[in-house]
Each structure stands twice: as structure tokens, then as C-alpha cells.
Amino acid sequence: MRYVSTRGEDRGAGFREILLGGLMEDGGLAMPAEYPRLSAADLDAMRTMNYRELAFAVLRLFADDVPEGVLRALIDKTYTAEVYSNGSNAEEITPVRTLEPGVHLLELSNGPTLAFKDMAMQLLGNLFEWALAERGESLNVLGATSGDTGSSAEYAMRGKRGIRVFMLSPHGKMSAFQTAQMFTLMDENIHNLAVRGVFDDCQDVVKAVSNDLEFKRRYRIGTVNSINWARVVAQVVYYFKGYFAVAPGAGAPVDFAVPSGNFGNICAGHIARMMGLPIGRLILATNENDVLDEFFRTGIYRPRGTTETQQTSSPSMDISKASNFERFVFDLVGRDSARIRSLWAQGAFDLSGTDARRFGFVSGSSTHTGRLATIRRTWERYGVVVDPHTADGLKVGMELRSVSTPLICLETALPAKFAATIQEALGREPERPSKFDGIEALPQRSRVIDADAGVVKRIIEESVS
Ligand SMILES: *Cc1c(COP(=O)(O)O)cnc(C)c1O
């Protein structure tokens, strides 16, 4: 598989070459030069596969320069009942829970940090470790987090040879549970840096360090952010798993509702559909930060700045500039990279002449009130507690549902992570997987620092030497 950039660069890069990278050299995002197409016979053979077999069948098409034995071993080590142990059926890795006939939840949050990001990040940790050992290299992962991504990255990279993680978070601003999840990790390669400031300050420091190209090269600074292609493609697998779990027959369409922020999760659904998986519609749900909903309703894309971004009770979707969106627009404009360059140079643009519905996309949005009502209704009707992000997807999914087509709503976090909102909706705390009992009382390790790139550089230098 050859990877090209959405902005036009095509130097014949393979999967291994783009695995550790972020943006392509021309500032675009990596995309497969063409999508592998699966025949009806291919799909039929996949129908009864377990998660690991499906992951191998999908990923080998995209990572064809990783030896098959290696890829299989990394997948087998990643997708185990021990790693994804928090759900209704650990053997299934991503079990389906039926809410009512034709409406299902796909459990994606049963990994170590209770959010769907573990689905891809755990594989990324194992892929990175292997790729670095092959090259005899090491990597210092530098990132900023307001909660979910940072903990997912730390649990994926802890104890991995050749990798150190430096994770900046806003001091005192994460929930007690999120803080405990990250700061109780005692692995020597994990460095939690609590920054006096807000999330944006953390991100500014990361940018400042990364913009020092000499430092970046000398200390092999890398990221695990959501534009990483391997993360996106690892997420394609569970669309297949969910599809086969509920499709009434070969070729029958299934709709998916996806709570969206950076457009990574639903981009994986788009890829699965382009490969020939019979996905009917991809129902995109946003919260109050509805840039993507506006685009899919009107064709107008108007990204907003941080001051226009609201803080909501589904915080992992508080994004007004979706980093993976460019991947979809690349397909929407017929892979015309000159057009992509000019659209992104404009910043905001009008594509109302194009037809996103041709790719199955429809959209809607939710608010705090809608979220609370959905959490309440889901509990009352089905006896199931969903987290606020999943509730956004479920709300929009139910509104846009077609009664003749099965609907799968992606569960992107467990309610235990967002106890305050569950308390507000249901008047009680959500259940917590027993292994997290009392986690807030365990010893924690972190360093409180000023929002200063020089300080972060010094900490990296000291840990490396
Ligand atoms: C990251 C995240 C999302 C948004 O997913 P994207 O891939 O960024 O669209 C939704 N819900 C939860 C709980 C998340 O952590």
C-alpha cells in the first residue's frame, strides 16, 4: 500500500514510513493511494471471524510492509479479553448490546482507560515498540491532554521499550478520577507534567517545543495525536465487527451513529464503507460545538477559534477544528489535492455543490439538556447507563433513525469517567469497574510546572541523559 498526502505529495511512502509520523512533509494528511475493495465473497469469509482475525484481515491490507507474522503477533497481543475486560462480554472485545429491536450499542470503551481511544492506542503502543526496535531508535512522545487522550496514550505506552511519554495536563483541572488514572502510573517511562494554566497553555507549550526543529530532531520528539494514520485504520476494524454482529443478511445495510470531535472515529467508518462494507448511513453527532453538523447540513465549513469553543458536558467533543476532516474532504472533492490546498488556505469554505450524502453522511447535534434527557431515557427504557458522549450519538441516531435499517450507536466512553453528569441526570453515581475502586486514594506521581517550554525541554533533556 502506497500512501499519498491530501495536499499532493506522493513519494511512494509505505505504512512503516508513515507509522511514526504526524503530518506529511507538505502539511497534508496521509491517505492510502486507493482503498482496498472487498468482494461479497471476502465479506462472507469475514462474517464469523473473531476480533483478532478481523483485525488481521483488515490491517494486512493497509500495513502490507509489516511481515504478516509480526502483524498477527502484535494484534494477538493487543486485542485480548484481559486488556478489554470492562464490558458485558470480554471475549468479544467490542460486544454489542441491543437496546431494542434494531437499535444497538457497540461497546468500544472496555479497555484500560474506559474510552474508545484505547481500541487504537493499545495497538499503536505495540506497533511503535516493534518499529523502534527494528530501527534501533527511541522516541519521546510529547503531548497535551485535557483527559481522555493522555491517559489512553500513557496506558498504551507504559513500560514499552524505546518510548518515553511526557504528558502535559492543566494542573487541578481534570476530574479526580482522570487525574488518578494518569498520576498513579509509576512506570519509569511515563512523565506527568501538571501545568499551572489551562489546556490551551499546555498545547501552546507542546507547539513551542515542537517548533524548535533542532531540539525536536535531537531528542526524537513524536506525537500520538488523532491524525496518526495507524490510529484511524485500527478503528476501521470495529465497524466490521459491529456490522457482522447485527446485519440481518449478506449485503443488508446497517447505519452507524458516531459522537464526533476530531472526526477520527467516523473517518474510520467512511473508510470501512469505501472498502465495500454495506454501511447505509454514517450519522455524525456533535455537541454544542457543531461545526461538523453545520457542514453536513449546509455544505459550509466554518471552523472556529478557541474563544468560540464552548466547554460542555461532553468535553472530548469540544473541538471546532476537526483534524481528520481533511481526509474526508479529499475524497469528497474527487482527491483533487490542488483544491484541498486552496480550501485549507482559505480556512472557511463552501462546498454546498458537492454531495456528502453520496458517502452516506447525515448529521445532527445535541445540547446539555438533550444529553441529560437521553441518559435518563436510556436508563428508564433499557436499564442501561450511557456516558454523555455516547448520549449525544444516541440522541441524534434516534432522531435520524430509519425503522427499516438496523442502527448501531458507538459507545465512546463508560459513564464512570463522567460521574458528575450522570449524577445530574440520574441523581446517583455511575457504577465503576471494580479494579478502579479507591483509585483516588493511591499514591500519585506528577511534577507541577509553569507553562514554559524551556522547563519542559530541560525535563526531557534530564530524563534522556
Ligand atoms: C475522543 C472522543 C470522542 C471524539 O472522537 P473523534 O475521533 O475525535 O471524533 C468522542 N467521545 C469520547 C468519549 C472521546 O474520548
Side-chain angles (χ1 to χ4, degrees), residues 29 86 105-122 124 143-156 174-175 177-178 181-182 199 224-236 238-239 256-272 282-293 295-296 309 312-328 361 363 365-366 371 374-375 385-397 409-419 421-422 430:
L29 278 68
N86 298 305
L105 274 185
L106 182 61
E107 295 182 25
L108 303 177
S109 315
N110 298 326
T113 73
L114 312 185
F116 89 100
K117 294 194 169 66
D118 293 333
M119 291 307 305
M121 204 73 90
Q122 287 286 320
L124 202 66
T145 188
S146 53
D148 284 353
T149 308
S151 62
S152 186
E154 290 188 352
Y155 279 76
M174 292 190 295
S175 74
F177 181 71
Q178 283 179 319
Q181 267 190 319
M182 288 175 58
F199 172 66
V224 291
N225 54 21
S226 78
I227 57 164
N228 181 286
W229 168 254
R231 272 184 68 182
V232 174
V233 79
Q235 293 170 356
V236 170
Y238 53 70
Y239 284 86
F256 285 80
V258 188
S260 294
N262 263 321
F263 205 80
N265 197 352
I266 203 163
C267 187
H270 166 67
I271 293 159
L282 289 161
I283 302 174
L284 177 141
T286 68
N287 63 18
E288 291 87 335
N289 298 295
D290 59 356
V291 174
L292 292 171
D293 176 39
F295 175 78
F296 285 105
T309 307
T312 75
S313 48
S314 44
S316 298
M317 294 155 64
D318 292 347
I319 288 163
S320 299
K321 207 177 277 170
S323 50
N324 279 293
F325 184 56
E326 185 173 331
R327 290 197 154 107
F328 170 69
F361 278 85
S363 72
S365 69
S366 182
R371 213 165 289 140
T374 304
I375 293 170
V385 183
V386 292
D387 101 288
H389 306 77
T390 308
D392 287 338
L394 199 51
K395 181 214 171 242
V396 174
C409 297
L410 301 192
E411 177 209 63
T412 56
L414 289 193
K417 290 198 93 163
F418 301 96
T421 304
I422 303 301

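Whatever order the structure lists ligands and atoms in, that order sets their numbers, starting from 1.
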Exactly one candidate in Ile375, Thr412, Val385, Leu106 meets side chain to side chain contact (heavy atoms under 4.5 Å, CB included) with Thr390; the answer is Thr412
- Residue pair Ile271 / Tyr239, side-chain heavy-atom distance below 4.5 Å: no
Determine whether Gln235 and Phe116 make a side-chain contact, defined as any pair of heavy atoms from C-beta on separated by less than 4.5 Å. yes
Note to self: Using side chain to side chain donor-acceptor pair (under 3.5 Å), reason through Asp118 and Thr113 one step at a time and then give a plain yes or no.
What the structure shows: CA-CA 7 Å; Asp118 293 333; Thr113 73; 2.9 Å; yes
Quiz item: Going by atom types alone, do Thr309 and Asn289 pair a side-chain donor with an acceptor below 3.5 Å?
Solution: no
Look at the rings of Phe296 and Phe325 and say which category their plane angle falls in: under 30° parallel, 30 to 60° tilted, over 60° perpendicular. perpendicular
Less than 4.0 Å from some atom of ligand 1, heavy atoms are found in residues Phe116, Lys117, Asp148, Pro259, Ser260, Gly261, Asn262, Phe263, Gly264, Asn265, Ser316, Met317, His389, Thr412, Ala413
